[in-house]
A.B. asks: 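Dropping a structure here in structure tokens format, bear with me for questions.
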Amino acid sequence: MKKKRWNEYLWIWPIIYFTLGFFNILFAWLGMIDFLLPLIIAIVGGNKAFCNSYCGRGQLLAKIGSKSGCSRNKLAPKWLSSKWFRYGFLAFFLTMFANMVFQTYLVAAGANSLREVIKLFWTIRVPWGWTYTAGTVSNWVAQFSFGFYSLMLTSLLLGLIVMALYRPKTWCTFCPMGTMTQGICKIKANNK
């Protein structure tokens, strides 16, 4: 029997992340690891090693979809992996991220008050106040946590939806982080 490597257990990371954030929203900051590490690996290494070997979300989707049979295992429509959709979704995702950062700035500047709410699919407000005790940290830190957890949870739900409809790792074909790292790798390859 082949011994598993440590990175084959990274599917546990998203479960830990979302569980911790469910009970204390400040753990949402840990998601910055998934946001920055792929970019750093692509910039330094010039490859998509994160996506190929270290992405816990991709591993989790594969495990849920393949091992438990939650996926229909159908080919996704070609437009989901088309360049216009991938870059369009990346632009939309980055716009939502920029809006989240702007909302955090407004709270930090005192122009807005802290909103203890998670927004699923960027519109559905889910009260999430039990996960934060006011005054524990600065309001802007908590605001970023609520916004970032919303972003991470929405992207997980999108991944689960396309996993159920198509193949387990369909999310990976248009994942914003994958699109960004692929772009970085292309730029590095062209500059050699």
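Predicted model, so just to flag it, every value in this text is computed and none were measured. Both backbone and side-chain heavy atoms feed into the values below; hydrogens, waters and symmetry mates do not.
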A.B. asks: In a table with atom names and distances, give each donor-acceptor pair under 3.5 Å that connects a side chain of residues 160-172 to protein atoms at least two apart or in another chain.
C.D. replies:
from   : atom 1 : to     : atom 2 : distance (Å)
Thr170 : OG1    : Arg167 : N      : 3.1
Thr170 : OG1    : Arg167 : O      : 2.8

A.B. asks: Which atom names give the shortest non-hydrogen contact between Trp84 and Ser82, and what distance separates them?
C.D. replies: NE1-OG, 3.0 Å

A.B. asks: Tell me whether Gln143 contacts the main-chain N or O of Arg115 through its side chain, where contact means a donor paired with an acceptor under 3.5 Å.
C.D. replies: yes

A.B. asks: Determine the sole option in Phe148, Trp140, Phe146 for which the side-chain contact (heavy atoms from CB on, under 4.5 Å) test with Thr104 is passed.
C.D. replies: Trp140

A.B. asks: Distance from Asn112 atom CG to Asn139 atom CG, nearest 0.5 Å?
C.D. replies: 11.0 Å

A.B. asks: Let me confirm one number: the CE-CE distance from Met100 to Met96, rounded to the nearest 0.5 Å.
C.D. replies: 11.0 Å

A.B. asks: When hydrophobic residues are tied together by side-chain contacts of less than 4.5 Å, even through go-betweens, does Phe121 share a cluster with Leu90?
C.D. replies: yes

A.B. asks: Starting from Leu106, can I reach Leu151 by hopping between I/L/V/M/F/W/Y residues whose side chains sit under 4.5 Å apart?
C.D. replies: no

A.B. asks: Classify the ring geometry between Trp122 and Phe92 as parallel (under 30°), tilted (30 to 60°) or perpendicular (over 60°).
C.D. replies: perpendicular

A.B. asks: Please determine whether side-chain contact (heavy atoms from CB on, under 4.5 Å) holds for the pair Phe89 and Leu158, giving the CA-CA distance in whole Å, both sets of side-chain angles, and the decisive distance to 0.1 Å.
C.D. replies: CA-CA 12 Å; Phe89 187 73; Leu158 287 172; 3.9 Å; yes

A.B. asks: Indicate yes or no: at least one non-hydrogen side-chain atom of Pro14 is less than 4.5 angstrom from one of Leu156.
C.D. replies: no

A.B. asks: Kindly say whether Phe174 contributes a backbone atom to a donor-acceptor pair with the side chain of Arg86 at under 3.5 angstrom?
C.D. replies: no

A.B. asks: Assigning hydrophobic clusters by single linkage (Ile, Leu, Val, Met, Phe, Trp, Tyr; side-chain heavy-atom cutoff under 4.5 Å), is Tyr149 placed with Leu120?
C.D. replies: yes

A.B. asks: Measuring from atom CG of Leu10 to atom SG of Cys55, what distance do you get when rounded to the nearest 0.5 angstrom?
C.D. replies: 9.0 Å

A.B. asks: How close do Trp11 and Ile15 get, counting heavy atoms only, and between which atoms?
C.D. replies: CZ3-CD1, 3.7 Å

A.B. asks: Might you point out which heavy atoms bring Ala142 and Val137 nearest each other, and give the distance in Å?
C.D. replies: N-CG2, 4.1 Å

A.B. asks: Assess whether atom OH of Tyr87 is packed by more than 12 heavy atoms of other residues, nucleotides or ligands within 6.0 Å.
C.D. replies: yes

A.B. asks: Once rounded to the nearest 0.5 Å, what's the spacing between atom NZ of Lys119 and atom CD of Gln103?
C.D. replies: 7.5 Å

A.B. asks: Looking at every heavy atom in both Ala76 and Leu80, which two are closest together, and how far apart are they?
C.D. replies: CB-CD1, 3.9 Å

A.B. asks: Could you list the residues that satisfy ring pair (Phe, Tyr, Trp, His ring centres under 6.0 Å) with Phe102, not counting sequence neighbours?
C.D. replies: none

A.B. asks: Hydrophobic clustering (ILVMFWY, side-chain heavy atoms < 4.5 Å, transitive) - are Ile43 and Ile187 grouped together?
C.D. replies: no

A.B. asks: Could you grab the distance from atom NZ of Lys48 to atom CD1 of Ile184, nearest 0.5 Å is fine?
C.D. replies: 10.5 Å

A.B. asks: Just by distance, do the side chain of Ser81 and the backbone of Lys78 share a donor-acceptor pair under 3.5 Å?
C.D. replies: yes

A.B. asks: Could you check whether any side-chain heavy atom of Met180 comes within less than 4.5 Å of a side-chain heavy atom of Leu94, counting everything from C-beta outward?
C.D. replies: yes

A.B. asks: Only distances under 3.5 Å count here; give the side-chain donor-acceptor pairs of residues 25-40 to other protein atoms, sequence neighbours excluded, each with its distance to 0.1 Å.
C.D. replies:
from  : atom 1 : to     : atom 2 : distance (Å)
Trp29 : NE1    : Val141 : O      : 3.1
Trp29 : NE1    : Ser145 : OG     : 3.0
Asp34 : OD1    : Trp13  : NE1    : 3.3
Asp34 : OD2    : Trp13  : NE1    : 3.0

A.B. asks: Starting from Val117, can I reach Phe22 by hopping between I/L/V/M/F/W/Y residues whose side chains sit under 4.5 Å apart?
C.D. replies: no

A.B. asks: Is there a side-chain contact between Arg57 and Met152 in this structure, where contact means two heavy atoms from C-beta onward sitting under 4.5 Å apart?
C.D. replies: yes

